[in-house]
Amino acid sequence: MMYIIDTANVEEIRRCVDLFPVDGVTTNPTIISRENTNFPTLLKDIRDVIGNDRMFHVQVTGEDAKTIVDEAVALNEFVGGNFYAKVPISAQGLKATMELKKRGIKVTETAIFTQQQALIAAKVGADFVAPYVNRLDNIVSDGVNVVGEIVTMFKGYDLKCNVLAASFKTVEQIHKIAMVGCHAVTINPDLFDTLIYHPMTLYAIDDFNADWASVYGKNKILDLFKK
Ligand code: E4P
C-alpha cells in the first residue's frame, strides 16, 4: 500500500520523508490555505523536499472544464516531476479529465463519495480516485465498505485506476482500508506517528535498555568495540 502525506507544511513533509516510507504528498485548497503563504513558492518548496520521483497531487480550483484544464496544464509545467492534477468529481471535471489524459497529464479524481462516481472517473481515465473515508463515516455511511466495493469493481472490470483513500481520523480506519486491498492512503503527519505507536512497544524498549544497562552501564554497542 502506498502511503501519501496529506499536508502542505514543508517542515512536516521534510520530517516524514526523513522518517517514513512516504510515496508522495496530497494537497487540497483547505490544506494549502492553512499555510497562508505564497502558493507557487510553497509548491516549489514541497517539490524540492520530496524530489521528482515522489507523487505530488495538487488540486485545481476551476469549475468549468476549460479552466480546470488550463490550471492543471500550468500546475503540471510549474511543479514538474511525478505530478497529478486533483480534479473534484463533476460533469465538467470528467470532461476536463478526458482532455488532460489526451495531453498526457495524470489525474486524481477527488471528493469521491460513491462507488458510481469512482467507476465513471476510472472510465474516463483517472489514474487515482480519492474516496473520503472519515467524511463518509461522519454521515453514517460506511467509508471502508465504499472503498472496498470500489476496489472490487476496478478488479472485476480490470480498470487500471488506483484507489487513494483519503480523509482519515483513526488507525482502525486505515487498517480496515488495507484489509480491503486499497492501493493507497493519504494521511496527515500526526496519523503517521500514531500508526507506529504502541505503549507495549515502548515498554519493551524500556526493558531492553534497563537489562543492557544492568550489565554494560552507560556503554553503547560502539563503545564496546573501541580498542
Ligand atoms: C485528500 O486528498 C483529501 O482532500 C483529504 O484527505 C480530506 O481530508 P479531511 O476530510 O480530513 O478534510
Side-chain angles (χ1 to χ4, degrees), residues 1-10 12-13 16-17 20 22-36 39 42-43 46-47 50 54-63 68 71-72 75-76 79 82-90 93-94 96-97 100 105-115 117-118 121-122 126-148 150-151 154 161-178 180 182-195:
M1 190 166 73
M2 291 172 261
Y3 288 95
I4 300 176
I5 332 174
D6 208 19
T7 184
N9 184 282
V10 176
E12 279 295 274
I13 294 169
C16 288
V17 163
F20 300 123
V22 171
D23 294 293
V25 167
T26 46
T27 62
N28 62 33
T30 306
I31 289 170
I32 294 287
S33 66
R34 277 187 203 128
E35 302 311 308
N36 194 15
F39 179 55
L42 181 62
L43 296 179
I46 294 173
R47 179 50 92 204
I50 66 176
R54 288 191 182 87
M55 293 178 276
F56 191 3
H57 303 244
V58 183
Q59 194 162 319
V60 297
T61 57
E63 293 181 58
I68 293 170
E71 288 181 358
L75 285 167
N76 181 51
V79 173
N82 193 358
F83 174 81
Y84 289 80
K86 272 178 90 183
V87 178
I89 179 98
S90 69
L94 292 170
T97 300
L100 289 170
I105 294 176
K106 293 178 282 192
V107 176
T108 297
E109 211 82 19
T110 192
I112 297 283
F113 283 81
T114 74
Q115 297 85 335
Q117 287 177 325
D127 300 276
F128 282 92
V129 290
Y132 284 10
V133 175
N134 192 64
R135 293 195 200 193
L136 277 161
D137 290 350
N138 276 347
I139 52 169
V140 203
S141 183
D142 182 346
V144 171
N145 183 55
V146 170
V147 171
I150 294 171
V151 170
F154 285 6
C161 185
N162 285 305
V163 183
L164 166 55
S167 177
F168 287 102
K169 289 294 168 283
T170 69
V171 170
E172 178 72 0
Q173 287 169 332
I174 297 166
H175 168 63
K176 286 184 173 162
I177 284 296
V180 298
C182 187
H183 310 98
V185 291
T186 185
I187 56 180
N188 69 50
D190 288 349
L191 212 36
F192 234 128
D193 292 320
T194 313
L195 276 184

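Counting starts at 1 for both ligands and their atoms, in listed order. Residue indices begin at 1 and follow the sequence shown. These figures come from a predicted structure and were not determined experimentally.
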Listed partners of E63 passing side chain to side chain contact (heavy atoms under 4.5 Å, CB included), at least two apart: none
Test item: side-chain donor near acceptor, T61 and E71, under 3.5 Å: yes
Is there any protein N/O under 3.5 Å from an N/O of ligand 1, and what does the full list of such pairs look like?
unit_1, atom_1, unit_2, atom_2, d
ligand 1, 2 (O), K86, NZ, 2.6
ligand 1, 4 (O), N28, ND2, 2.6
ligand 1, 4 (O), Y132, OH, 3.0
ligand 1, 6 (O), D6, OD2, 2.5
ligand 1, 6 (O), S167, N, 2.9
ligand 1, 10 (O), R135, NE, 2.7
ligand 1, 10 (O), R135, NH2, 3.4
ligand 1, 10 (O), S167, OG, 2.7
ligand 1, 11 (O), K169, NZ, 2.9
ligand 1, 12 (O), R135, NH2, 2.7

Ring center gap for Y3 and F192 short of 6.0 angstrom: yes
Does Y84 have its ring centroid less than 6.0 Å away from the ring centroid of F128? yes
Report yes or no: does S141 contribute a side-chain atom to a donor-acceptor pair with the main-chain N or O of G143 at less than 3.5 Å? no
One should read off an interatomic distance between E109 CD and S90 OG, to the nearest 0.5 angstrom, of 7.5 Å
